[in-house]
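Single-structure report; data block below.
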Amino acid sequence: MLFTHDDPILVLDEEQSWKLLENTQHGRIVLTAAGETDIFPINYRAHDGVLLLRTAPGTKLAELTINENVLFEADGITSEEAWSVVVKGTARVLTLSQEIADAEALNLKTWVPTFKDFYVEIKPSRISGRHFNFGEQPERF
């Protein structure tokens, strides 16, 4: 059990939410450009208060370059509980040699055997999380 609580829903604080992000590697990023919204599954690394991902030229890279405002969501589920963390923030492509070297040192692997030469940093402006205990719907009185 991740968190002990009697309520079916626990609102997580930033520290609890960040711990969950640090211990998982898969999520979804939501990008909006030119009035269109897209969502993409990604693998990532939470490190030093930011999220890092790798990408290649294409829709993700183009959209986050057009509009730096992003949403990111990660979650986990077992037979007894679940959690969800949402990050609102800004994304930018790392361009400085030292930033790229630091990102490469984190050994963030790609899912598929393709070249993902661009590192992207998501700097959170707001983090919210929820933890859910599963159970039956209560009786109405």
Side-chain angles (χ1 to χ4, degrees), residues 1-140:
M1 181 90 27
L2 288 171
F3 301 98
T4 304
H5 56 98
D6 294 326
D7 294 324
I9 302 170
L10 172 67
V11 175
L12 303 176
D13 63 27
E14 190 171 319
E15 182 179 338
Q16 291 167 318
S17 296
W18 196 255
K19 247 187 220 309
L20 291 169
L21 291 175
E22 288 174 336
N23 289 302
T24 192
Q25 297 177 10
H26 307 103
R28 285 156 296 288
I29 189 169
V30 179
L31 305 166
T32 303
E36 293 290 324
T37 301
D38 290 308
I39 187 167
F40 301 94
I42 61 165
N43 62 307
Y44 73 97
R45 181 72 42 95
H47 181 73
D48 284 345
V50 298
L51 302 175
L52 293 164
L53 64 111
R54 293 174 68 176
T55 193
T59 305
K60 277 191 300 255
L61 188 60
E63 288 183 359
L64 68 85
T65 303
I66 293 168
N67 183 358
E68 68 178 6
N69 297 304
V70 300
L71 290 172
F72 171 84
E73 191 266 344
D75 52 37
I77 188 168
T78 70
S79 61
E80 297 178 1
E81 63 186 338
W83 60 268
S84 180
V85 174
V86 175
V87 174
K88 290 184 178 184
T90 55
R92 69 180 185 92
V93 177
L94 300 183
T95 58
L96 300 177
S97 297
Q98 188 59 54
E99 291 176 324
I100 294 167
D102 291 344
E104 287 177 345
L106 296 175
N107 201 26
L108 177 58
K109 301 288 186 190
T110 63
W111 276 353
V112 293
T114 59
F115 293 107
K116 307 274 185 175
D117 294 329
F118 294 89
Y119 284 92
V120 175
E121 173 190 271
I122 300 172
K123 184 176 182 180
S125 58
R126 193 165 80 192
I127 300 174
S128 61
R130 306 277 186 279
H131 179 264
F132 310 98
N133 285 327
F134 294 155
E136 296 295 320
Q137 179 174 311
E139 295 291 323
R140 293 191 193 271

Kindly compute the distance separating [atom1] ([X]) from [atom2] ([Y]), expressed to the nearest 0.5 Å.
| X | Y | atom1 | atom2 | value |
| --- | --- | --- | --- | --- |
| Leu52 | Asn43 | CG | CG | 11.5 Å |
| Phe40 | Leu64 | CZ | CG | 9.5 Å |
| Leu108 | Leu53 | CG | CG | 7.5 Å |
| Ser128 | Asp13 | OG | CG | 12.0 Å |

All N/O donor-acceptor pairs, side-chain side in residues 31-38, below 3.5 Å, sequence neighbours left out:
residue	atom	partner	partner atom	Å
Thr32	OG1	Thr37	OG1	3.2

Modelled atom types, side-chain donor and acceptor of Trp18 and Glu22, under 3.5 Å
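Looking only at side-chain atoms, Glu22 and Trp18 do form a donor-acceptor pair, the distance falling under 3.5 Å.
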Residues forming a salt bridge (charged side-chain N to carboxylate O under 4.0 Å, His left out) with Glu99, sequence neighbours excluded
Arg92
Partners meeting salt bridge (charged side-chain N to carboxylate O under 4.0 Å, His left out) with Glu68 (sequence neighbours left out)
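Not a single residue meets the salt bridge (charged side-chain N to carboxylate O under 4.0 Å, His left out) criterion with Glu68.
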Determine, stepwise, if the pair Val30 / Val70 fulfils side chain to side chain contact (heavy atoms under 4.5 Å, CB included).
CA-CA 6 Å; Val30 179; Val70 300; over 6 Å; no
Quick test of your reading: applying salt bridge (Lys or Arg N to Asp or Glu O under 4.0 Å), list the pairs with at least one residue in residues 24-33, sequence neighbours left out, ordered by first then second residue.
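Applying salt bridge (Lys or Arg N to Asp or Glu O under 4.0 Å) to every pair that reaches into residues 24-33, excluding sequence neighbours, yields Arg28-Glu73, Arg28-Asp75.
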Name all pairs fulfilling the salt bridge (Lys or Arg N to Asp or Glu O under 4.0 Å) condition that reach into residues 126-136, sequence neighbours left out, sorted by first residue then second.
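Found none.
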With no hydrogens and no angle check, is any side-chain donor or acceptor of Ser125 less than 3.5 Å from a backbone partner on Lys88?
yes
Under the 3.5 angstrom rule, does the side chain of Asp7 hit a backbone N or O of Leu10 as a donor-acceptor pair?
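No, Asp7 side chain to Leu10 backbone: no donor-acceptor pair under 3.5 Å.
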Residues 110-117, side-chain donor-acceptor partners within the protein, below 3.5 Å, at least two apart:
residue	atom	partner	partner atom	Å
Thr110	OG1	Val112	O	2.9
Trp111	NE1	His26	NE2	3.1

Could you check whether any side-chain heavy atom of Gln25 comes within less than 4.5 Å of a side-chain heavy atom of Asn23, counting everything from C-beta outward?
no
Measuring only between side-chain heavy atoms, which start at C-beta, is Pro8 closer than 4.5 Å to Phe134?
no
Which pairs, with at least one residue in residues 52-67 and sequence neighbours excluded, count as a side-chain hydrogen bond (donor to acceptor under 3.5 Å, both in side chains)?
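Only Asn67-Asn69 qualify under side-chain hydrogen bond (donor to acceptor under 3.5 Å, both in side chains).
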Are Thr90 and Ile122 close enough, and set up right, to give a side chain to side chain contact (heavy atoms under 4.5 Å, CB included), and what steps lead you there?
CA-CA 5 Å; Thr90 55; Ile122 300 172; over 6 Å; no
Shortest non-hydrogen contact from Ile127 to Ser17?
CG2-CB, 3.5 Å
Could you pull out all donor-acceptor pairs under 3.5 Å where a side-chain atom in residues 44-51 meets a protein atom, sequence neighbours excluded?
residue	atom	partner	partner atom	Å
Tyr44	OH	Leu21	O	2.9
Tyr44	OH	Thr24	O	3.4
Arg45	NH1	Leu106	O	2.5

Just to verify, what does Gln98 make a side chain to side chain donor-acceptor pair (under 3.5 Å) with, not counting sequence neighbours?
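For Gln98 the side chain to side chain donor-acceptor pair (under 3.5 Å) partners, ignoring immediate neighbours, are Asp102.
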Just to verify, what does Glu104 make a side chain to side chain contact (heavy atoms under 4.5 Å, CB included) with, not counting sequence neighbours?
Ile100, Tyr119
Not counting sequence neighbours, which residues clear side chain to side chain contact (heavy atoms under 4.5 Å, CB included) with Thr78? List them please.
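Result, side chain to side chain contact (heavy atoms under 4.5 Å, CB included) vs Thr78: Glu80, Glu81.
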With sequence neighbours left out, which residue pairs that include part of residues 75-107 fulfil the ring-ring contact (aromatic ring centres under 6.0 Å, His included) condition?
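Residue pairs with at least one partner in residues 75-107: there are none.
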Output, in order, the C-alpha distance, side-chain angles, deciding distance and verdict of side chain to side chain contact (heavy atoms under 4.5 Å, CB included) for Ile77 and Phe132.
CA-CA 9 Å; Ile77 188 168; Phe132 310 98; over 6 Å; no
